[in-house]
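Submitted below is the structure of interest, expressed as structure tokens.
Chain letters run A, B, ... following the sequence lines, proteins first, then strands; residues in each count from 1. Computed from a predicted model, the values in this text were never measured in an experiment. Below, each value reflects all heavy atoms present in this structure, side chains not excepted, and no hydrogens, waters or symmetry copies.
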2 protein chains.
Amino acid sequence: MKISTKGRYSVTALYELALHYGTGPLPLKNIAQGQGLSENYLEQLMLPLRRAGLVKSIRGAQGGYMLAREPKEITIGEIITTVEGPIAVVDCLLAEAGAKDQPCERACACVTRGIWEKVCDSISEVLGGITLQTLMDNDKGSEHVGCAR
Amino acid sequence: MKISTKGRYSVTALYELALHYGTGPLPLKNIAQGQGLSENYLEQLMLPLRRAGLVKSIRGAQGGYMLAREPKEITIGEIITTVEGPIAVVDCLLAEAGAKDQPCERACACVTRGIWEKVCDSISEVLGGITLQTLMDNDKGSEHVGCAR
DNA sequence: TGGAATCCCGAGCAGTTTTGTCAGATTTAT
DNA sequence: ATAAATCTGACAAAACTGCTCGGGATTCCA
Ligand code: FES
Ligand code: FES
């Protein structure tokens, strides 16, 4: 039950873009250095994000990335599903949609199916309810008062 | 974001035990064959479950496993955390408890931390709210009416 | 008392996924 | 022209998953 680094890095990268929203393209190097991430790795994550229409890119010198929409229109759920695939805690839940092969043999008789559905719904609800704007607001609101370490 | 077969198999196995609750020990072979699981693999899952006090075992011929508590006293969350480890969608959330090493450098400044906490809480709430008894009740309640396939 | 059934335990292993690295091609501002 | 940047695909180490196997220990039953 882990969210991979793909998801986490993507969120922080797009949060960084959100902070610069409206101020032209931001090169990947800046994001990577600022957050201490591998530029090469981050590069790979931007590919699906661009194809999904979450970010836009400008090539060449003085180029970079920028959000394709307003921060309040991009949810954390979108970001994570884009780079990690659909939120399905068990493969069975995927089958109903695509269903070229059906890994869920006893779908209607399976007593546990309801559990996984509830978990997925719950996660989707949480992640779909948080936007990049939310993160910015929360960060501004926090006082950064005395932290133990 | 997957729940591994460890978690799923354990839940179905313990559900099977719940169905036989009060009727003596059930050998692993029966569970495995009934659910179409590998007996050898299931054996490995029972080890942590026994150590965690969820099941009791009786060795020797005519032995087997039984629930250590009533079905209504065993939550799905307990089962899954026992075999898969704590529900922490990111490692950072683990650190605060044990914390021999601290993977979460900027815990108090990290804007994304709140997201992962919400997700974990949400999952824990769902899984902690479902017991083996719940599953049995739901299954009895369902009419098993016309299912497409 | 002698199997036979059954749990107990650790080692090992093939396949997949994760987490990157790298080299080079392409585009564009200056 | 040159430098800055994105684009793309190939590759690889490490971790994880999903098992399998072999042998040991315990207990029931005939
Ligand atoms: S067999 Fe697919 S959810 Fe149980
Ligand atoms: S650095 Fe640990 S939660 Fe962000």
field: Difference in axis direction between the ends of the helix from C:dT1-D:dA30 to C:dT30-D:dA1, five pairs, 10°
entry: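 Axis-to-axis angle, ends of the helix: 10°.
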Would you mind writing out the side-chain donor-acceptor pairs for residues 63-80 of chain B within the sub-3.5 Å range, not counting sequence neighbours?
from, atom 1, to, atom 2, distance (Å)
B:Arg69, NH1, B:Glu73, O, 2.8
B:Arg69, NH1, B:Glu78, OE2, 3.3
B:Arg69, NH2, B:Glu78, OE2, 3.0
B:Thr75, OG1, B:Glu78, N, 3.1
B:Glu78, OE1, B:Thr75, N, 3.1

Let me have the donor-acceptor pairs involving side chains of residues 14-23 of chain A, under 3.5 Å, with sequence neighbours excluded, atom names and distances please.
from, atom 1, to, atom 2, distance (Å)
A:Tyr15, OH, A:Asp139, OD2, 3.2
A:Glu16, OE1, A:Gln35, NE2, 2.6
A:His20, ND1, A:Glu16, O, 3.0
A:Thr23, OG1, A:His20, O, 2.7

task: Please indicate whether A:Lys29 has more than 12 foreign heavy atoms, meaning atoms of other residues, nucleotides or ligands, lying under 6.0 Å from its NZ.
output: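 Result for NZ/A:Lys29: open.
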message: Do A:Arg113 and A:Val90 have side chains that approach each other closer than 4.5 Å (heavy atoms only, starting at C-beta)?
response: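 The answer is no; the side chains never approach within 4.5 Å.
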- prompt: Is there side-chain contact between A:Val11 and B:Trp116, with heavy atoms separated by less than 4.5 Å?
  reply: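 Result yes, sub-4.5 Å side-chain heavy-atom pair found.
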task: Report the distance from atom CG of A:Asn30 to atom CD of A:Glu39, rounding to the nearest 0.5 Å.
output: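 Answer rounded to 0.5 Å: 9.0 Å.
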query: Rounded to the nearest 0.5 Å, what separation is found between the CG atom of A:Leu26 and the CG atom of A:Leu28?
result: 8.5 Å
- request: Would you mind building the protein contact string for nucleotides 11-23 of chain C? One character per nucleotide, 5' to 3', B for base within reach (heavy atoms under 4.0 Å), S for sugar-phosphate only, - for untouched.
  value: B-------BBBB-
task: Report the distance from atom CG of B:Leu37 to atom P of D:dC19, rounded to the nearest whole Å.
output: 9 Å
- request: To the nearest Å, give me how far apart CE (A:Met66) and C1' (D:dT6) are.
  value: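 After rounding, the reported distance stands at 13 Å.
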Atom-to-atom span, CE of A:Met46 to P of D:dT8 - whole angstrom: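 Spelled out: CE on A:Met46 to P on D:dT8 is 13 Å.
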Using residues 124-131 of chain A as the side-chain source, report each donor-acceptor pair under 3.5 Å to any protein atom, sequence neighbours left out, with the distance given to one decimal.
from, atom 1, to, atom 2, distance (Å)
A:Ser124, OG, A:Cys120, O, 2.9
A:Thr131, OG1, A:Gln133, N, 3.2
A:Thr131, OG1, A:Thr134, N, 3.1
A:Thr131, OG1, A:Thr134, OG1, 2.9

Stretch residues 49-61 of chain A: residues that reach within less than 4.0 Å of DNA chain C through a heavy atom: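 Contacting residues: A:Arg59, A:Gly60, A:Ala61.
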B:Leu49 vs B:Met46 side-chain heavy atoms within contact, under 4.5 Å: yes
Atom-to-atom span, NZ of A:Lys2 to C1' of D:dA15 - whole angstrom: 12 Å
task: Could you tell me whether the side chains of B:Thr5 and B:Tyr41 share a donor-acceptor contact shorter than 3.5 Å?
output: yes
task: Rounded off to whole Å, could you give me the CG-to-P distance for the B:Leu28 and D:dT20 pair?
output: 13 Å
field: Rounded distance (Å) that lies between atom P of C:dA5 and atom CG of B:Leu26
entry: 17 Å
field: Contact check, side chains of B:Ser10 and B:Leu45, non-hydrogen atoms, under 4.5 Å
entry: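 Yes, their side chains come closer than 4.5 Å.
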